[in-house]
Amino acid sequence: SFKAKMAAEKQIEEQTPKHFIIAGAFSTERNANKLVRKLKSWNFKNAHIIGLSNNGLFRVCYDGFAKPEDALSALHQIKKTNTSAWLLSK
């Protein structure tokens with residue numbers, strides 16, 4: 001039914017990461033991948049490149065979150081070791 005389809009889409013939407021904690025941005029994909037590997041070695045299993053910024057830099061995130069409050073909580077923890085980490089919401 002249409003109602004069930006809408007409910008399913010809403011649930012998927014609520015689980016889709018839209019808030020990303022950015023670890024760094026690089027002009028080359030090679031350097032971005034280096035940071036991804038380093039973050040994964042530090043147990044940030046979901047670290048990945050999340051595309052290019054408007055000025056063409058490869059953004060690397062620690063993780064992505066569906067809920068802004070979860071992202072802010074994680075950011076607070078990460079800032080203890082990386083004060084330049086920041087939150088990107090799409």
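Note: Ile78 CD1 to Phe44 CZ = 4.5 Å, rounded to the nearest 0.5 Å. A distance of 9.5 Å separates CG of Asn82 from CG of Leu75, quoted to the nearest 0.5 Å. A distance of 10.0 Å separates CZ of Phe20 from CZ of Phe65, quoted to the nearest 0.5 Å.
Residues Ser89 and Lys18 are not in side-chain contact: their nearest non-hydrogen atoms beyond the backbone lie 4.5 Å or more apart.
Scanning all heavy atoms of the two residues, the minimum distance from Pro17 to Gly64 falls at CB-C, 3.7 Å. Residue His19 comes nearest to Ala66 through the heavy atom pair CD2-O, 3.4 Å, listed as atom of the first residue, atom of the second, then distance. Nearest heavy atoms, Lys79 versus Ala85: NZ-O, 2.9 Å. Minimum interatomic distance between Ala47 and Leu39 (heavy atoms only, all atoms of both residues): CB-CB, 3.7 Å.
The closest donor-acceptor contact from the side chain of Ser73 to the backbone of Asp70 lies at 3.5 Å or more, if one exists at all.
Under a hydrophobic clustering in which Ile, Leu, Val, Met, Phe, Trp and Tyr are joined whenever their side-chain heavy atoms come within less than 4.5 Å, directly or via other members, Phe26 and Val36 fall into the same cluster. Both Leu35 and Ile49 sit in one connected hydrophobic cluster of ILVMFWY residues. Membership requires side-chain heavy atoms under 4.5 Å apart, directly or through other members.
The one candidate from Leu87, Asp63, Leu72 that meets the side-chain contact (heavy atoms from CB on, under 4.5 Å) condition with Ile21 is Leu87.
The number of heavy atoms from other shown groups lying within 6.0 Å of NZ (Lys40) is above 12.
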field: Residue pair Phe58, Leu52: steps toward the side-chain contact (heavy atoms from CB on, under 4.5 Å) verdict
entry: CA-CA 5 Å; Phe58 292 89; Leu52 294 170; 3.6 Å; yes

